Undergrad: 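I have a structure I would like to understand better, so I am pasting it below and will then ask my questions one at a time.
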Amino acid sequence: MELMNVSVSELAALLAAREVSAVEAAEASLRAIDQGNPAIRAFLRSTPDVALSQAREADLVLARGEGGPLTGVPIAVKDIISTAFVPTTCGSRSLENYVPPYDATVAARLKAAGATMVGKTNMDEFAMGSSNENSAFGPVHNPWDLSRVPGGSSGGSAAAVAARQVPVALGTDTGGSIRQPAAFTGTVGLKPTYGRVSRYGLVAFASSLDQIGPITRTARDAALVLQVIAGHDPLDSTSVPAPVPNYTASLDGEIHGLRLGVPSEYFQEGMDPAVERIIREGVAQLRALGATVEEMSLPHTHYALSTYYIVSPAEAMANLARYDGVRYGLSVPGTDIWHMYRNTREAGFGTEVKRRILLGTYALSAGYYDAYYRKAQQVRTLVRRDFETAFERYDALVAPTTPTTAFPIGARSGDPLQMYLSDVYTVPANMAGVCSVSIPAGFSEGLPVGMQIIGKPLDEAGILRIADAFQRSTSFHIEAPAVSLGAA
Ligand code: GLN
């Protein structure tokens with residue numbers, strides 16, 4: 001699928017020069033989805049009608065010499081982001097037939113920018129998971145090795161971009177769900193600062209942590225997409241009313257003199273030595289490009305994961321109370337209203353979602369609230385202060401995204417704690433609300449390894465500059481998995 005092998009910025013140039021039409025681009029993407037989906041299952045549905053009608057409109061705009069860098073560019077959207085009159089299932093039986101009557105702000109902004117939506121991507125149910133095995137509609141397979149997971153919860157979005165089905169997909173990141181699957185699939189995943197991108201129309205998992213962001217193949221593409229989706233939204237009271245900088249303007253390849261910190265807590269015992277070696281090589285490359293690099297410490301890192309697994313289930317249990325069989329989605333009758341609630345939740349939610357609801361209810365119940373929830377919020381403050389202190393001295397921090405490469409399907413699904421450990425390096429950025437991007441940094445036994453660049457609040461331009469400089473001097477992001485070339 002050659003046309004889908006190009007980046008967003010390359011495709012935009014072809015579209016603007018009228019060498020390719022938006023309809024051709026949408027058709028190429030839809031074909032790649034049809035070809036790849038039986039093996040990869042990245043998409044819960046493709047949306048050819050929406051895509052082609054948007055593409056025809058985009059062609060009219062392009063014919064007038066108007067439009068922007070996303071006009072006519074095919075995009076996939078994680079199925080937790082509301083899209084008007086297109087089913088939005090959250091990977092859950094409980095919302096299997098739910099069709100939102102409105103667009104999330106990000107979907108509306110992409111539409112206004114002329115992007116063409118080609119489909120909705122598979123995901124862990126309600127974004128709870130690290131492997132995409134918690135989808136009620138079956139797992140996603142990693143395009144680099146179909147017997148392995150693509151990561152989660154935005155596994156479908158990451159696999160779709162890695163397999164060259166689409167040049168960009170939206171994901172969401174509550175504890176790592178953009179960066180971890182990006183690392184496992186050799187793609188670029190950007191988690192913006194909390195509040196940078198509107199959450200209006202994003203089905204809530206843990207509201208104080210959730211952020212929407214792009215999964216692409218280059219940092220430049222992430223910048224182009226962020227440019228469109230970032231910015232204040234009166235419909236989301238937590239969105240930041242700060243101006244949006246010009247993100248591509250900072251991509252000059254110049255990182256000379258930048259001060260980078262490498263947190264020693266992100267190289268723990270038990271991590272895959274090959275991942276450590278590749279990240280150390282990545283850091284050396286940044287030094288070779290002129291950055292100064294220092295080992296440093298984020299002392300409360302160790303507590304971030306356990307704190308996350310108190311705070312996020314607590315918020316999730318409150319958010320998921322609405323799926324009671326009365327207001328939304330699935331409703332299973334019962335002898336009285338209590339039975340109806342119970343039957344609906346029993347049938348609508350998978351095991352992991354039920355586990356989180358129980359954990360959250362426990363952590364918030366009288367008698368345990370102080371011991372767990374309040375304590376967790378206090379520790380969260382300490383984690384955030386670690387970053388504040390670090391950013392007094394460093395422009396950005398560089399670390400592995402995950403302790404291992406993609407693991408085999410089934411390897412961790414019976415052991416929730418083992419699964420939760422996949423996020424040990426991504427969760428702290430969510431707890432602190434800072435921005436972070438994962439970029440391809442190498443391969444171990446044919447599987448991609450991701451390097452994380454963590455930045456100051458609202459300094460997406462800064463981390464994308466570093467990511468772009470790294471990509472200008474490396475070619476890991478250009479390599480494509482065999483499956484995308486039709487070998488599957
Ligand atoms: N894997 C983490 C979890 O299961 C993070 C999920 C996410 O970022 N949505 O909660």
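The first residue of the sequence shown is numbered 1, and numbering continues consecutively from there. It should be emphasised that the depicted structure is a prediction, and the values quoted were computed from it without experimental measurement. Counting starts at 1 for both ligands and their atoms, following the listed order. Just so you know, these numbers use all the heavy atoms, side chains as well, and skip hydrogens, waters and symmetry mates.
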Undergrad: Tell me, which pairs form a ring pair (Phe, Tyr, Trp, His ring centres under 6.0 Å) where one or both residues lie in residues 195-225, sequence neighbours left out?
TA: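 The answer is Y102-Y200.
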
Undergrad: Only counting residues at least two apart or in another chain, list the ones meeting side-chain contact (heavy atoms from CB on, under 4.5 Å) with K354.
TA: E346, F349

Undergrad: Could you pull out all residues at least two apart from R93 that satisfy side-chain contact (heavy atoms from CB on, under 4.5 Å)?
TA: E96, A136, F137

Undergrad: On the six-membered ring of F267, is R280 placed so that its NZ or CZ lies under 6.0 angstrom from the centre and within 45° of the ring axis?
TA: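 Satisfied, under 6.0 Å and within 45°.
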
Undergrad: So Y308 and R380, do their side chains get closer than 4.5 Å, heavy atoms only?
TA: no

Undergrad: Measuring from each atom of ligand 1, which residues have a heavy atom under 4.0 Å away?
TA: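 Residues A127, M128, G129, S130, S153, D173, T174, G175, G176, S177, F205, Y308, Y309, R356, D423 each place a heavy atom under 4.0 Å from ligand 1, listed by chain and number.
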
Undergrad: Establish, yes or no, whether the cationic atom of R345 lies under 6.0 Å from the six-membered ring centre of Y341 and within 45° of the ring axis.
TA: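 Yes, a cation-pi geometry.
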
